[in-house]
S.K.: 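Structure provided below as C-alpha coordinates; questions to follow.
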Amino acid sequence: MYCLQWLIPVLLLPKPLNSPMLQTHSVFMLLYLAGFFLERKPCTMCSIIFIAAVILLCYSGVGNCLFWTTCEDTNTCESEVY
(Lines give C-alpha, C1' and ligand atoms only; values in the text may rest on other atoms or scores of the structure.)
Protein backbone atom coordinates (compact mmCIF):
# COMPACT_ATOMS: atom_id res chain seq x y z
CA MET A 1 0.00 0.00 0.00
CA TYR A 2 3.06 2.25 -0.11
CA CYS A 3 2.13 3.03 -3.72
CA LEU A 4 -1.08 4.79 -2.69
CA GLN A 5 0.73 7.54 -0.82
CA TRP A 6 1.69 9.00 -4.21
CA LEU A 7 -1.71 8.40 -5.84
CA ILE A 8 -4.24 9.57 -3.23
CA PRO A 9 -3.13 13.27 -3.33
CA VAL A 10 -3.99 13.28 -7.05
CA LEU A 11 -7.64 12.83 -6.09
CA LEU A 12 -7.45 15.76 -3.66
CA LEU A 13 -6.10 18.37 -6.08
CA PRO A 14 -8.78 20.98 -6.74
CA LYS A 15 -9.94 21.67 -10.27
CA PRO A 16 -9.32 25.21 -11.49
CA LEU A 17 -12.32 27.48 -11.92
CA ASN A 18 -10.97 29.09 -15.08
CA SER A 19 -12.28 27.14 -18.09
CA PRO A 20 -9.08 27.32 -20.23
CA MET A 21 -7.11 25.96 -17.27
CA LEU A 22 -9.40 22.92 -17.07
CA GLN A 23 -7.84 21.47 -20.22
CA THR A 24 -4.33 22.14 -18.94
CA HIS A 25 -5.22 20.53 -15.61
CA SER A 26 -6.64 17.45 -17.34
CA VAL A 27 -3.54 17.03 -19.51
CA PHE A 28 -1.27 17.48 -16.48
CA MET A 29 -3.19 14.85 -14.51
CA LEU A 30 -3.08 12.33 -17.36
CA LEU A 31 0.64 12.88 -17.95
CA TYR A 32 1.43 12.67 -14.23
CA LEU A 33 -0.46 9.40 -13.86
CA ALA A 34 1.04 7.92 -17.03
CA GLY A 35 4.54 8.86 -15.85
CA PHE A 36 3.85 7.51 -12.37
CA PHE A 37 2.60 4.16 -13.64
CA LEU A 38 5.52 3.83 -16.06
CA GLU A 39 8.22 4.86 -13.58
CA ARG A 40 7.05 3.47 -10.23
CA LYS A 41 5.10 0.42 -11.45
CA PRO A 42 2.66 0.27 -8.51
CA CYS A 43 1.37 -3.07 -7.28
CA THR A 44 -1.81 -4.52 -8.75
CA MET A 45 -3.87 -3.97 -5.61
CA CYS A 46 -2.92 -0.28 -5.38
CA SER A 47 -3.72 0.20 -9.06
CA ILE A 48 -7.14 -1.44 -8.68
CA ILE A 49 -7.97 0.64 -5.59
CA PHE A 50 -6.92 3.87 -7.31
CA ILE A 51 -8.81 3.12 -10.53
CA ALA A 52 -11.92 2.22 -8.53
CA ALA A 53 -11.65 5.49 -6.60
CA VAL A 54 -11.32 7.49 -9.82
CA ILE A 55 -14.31 5.72 -11.38
CA LEU A 56 -16.43 6.33 -8.29
CA LEU A 57 -15.34 9.97 -8.18
CA CYS A 58 -16.03 10.57 -11.86
CA TYR A 59 -19.48 9.00 -11.86
CA SER A 60 -20.66 10.22 -8.46
CA GLY A 61 -21.85 13.57 -9.79
CA VAL A 62 -21.66 16.13 -12.55
CA GLY A 63 -18.37 18.00 -12.69
CA ASN A 64 -16.52 15.83 -10.18
CA CYS A 65 -14.14 14.09 -12.55
CA LEU A 66 -10.57 15.33 -12.61
CA PHE A 67 -9.84 14.22 -16.17
CA TRP A 68 -12.52 16.06 -18.15
CA THR A 69 -15.04 18.82 -17.80
CA THR A 70 -18.77 18.45 -18.30
CA CYS A 71 -19.27 21.96 -19.70
CA GLU A 72 -20.24 21.89 -23.36
CA ASP A 73 -20.06 25.64 -23.77
CA THR A 74 -17.27 27.75 -22.29
CA ASN A 75 -19.72 30.59 -21.57
CA THR A 76 -21.74 28.35 -19.23
CA CYS A 77 -18.58 27.31 -17.39
CA GLU A 78 -17.55 30.90 -16.82
CA SER A 79 -21.04 31.94 -15.74
CA GLU A 80 -20.96 29.36 -12.91
CA VAL A 81 -17.96 31.07 -11.31
CA TYR A 82 -19.02 33.58 -8.67
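Predicted model only: the values in this text are computed from it and were never measured. These numbers come from the heavy atoms of this one structure, side chains and all, not from hydrogens, waters or symmetry mates.
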S.K.: Which atom pair, heavy atoms only, marks the closest approach of F50 to L7?
M.R.: CE1-O, 3.4 Å

S.K.: Can you name the residues that form a side chain to side chain contact (heavy atoms under 4.5 Å, CB included) with I49, not counting sequence neighbours?
M.R.: M1, L4, M45

S.K.: Please say yes or no: joined through hydrophobic side-chain contacts below 4.5 Å, possibly via intermediate residues, are I51 and Y59 part of one cluster?
M.R.: yes

S.K.: Rounded to the nearest 0.5 Å, what's the gap from CG on L13 to NE2 on H25? Could you check?
M.R.: 6.0 Å

S.K.: State yes or no: do V54 and I48 share one hydrophobic cluster built from I, L, V, M, F, W and Y residues joined by side-chain heavy-atom distances below 4.5 Å, directly or via other members?
M.R.: no

S.K.: Which heavy-atom pair separates M21 from P16 by the least distance, and what is that distance?
M.R.: O-CG, 3.6 Å

S.K.: Which pair of heavy atoms, one from C46 and one from C43, lies closest together, and at what distance?
M.R.: SG-SG, 3.1 Å

S.K.: Testing the basics here: between Y32 and W6, what is the closest heavy-atom pair and its distance to 0.1 Å?
M.R.: OH-O, 3.4 Å

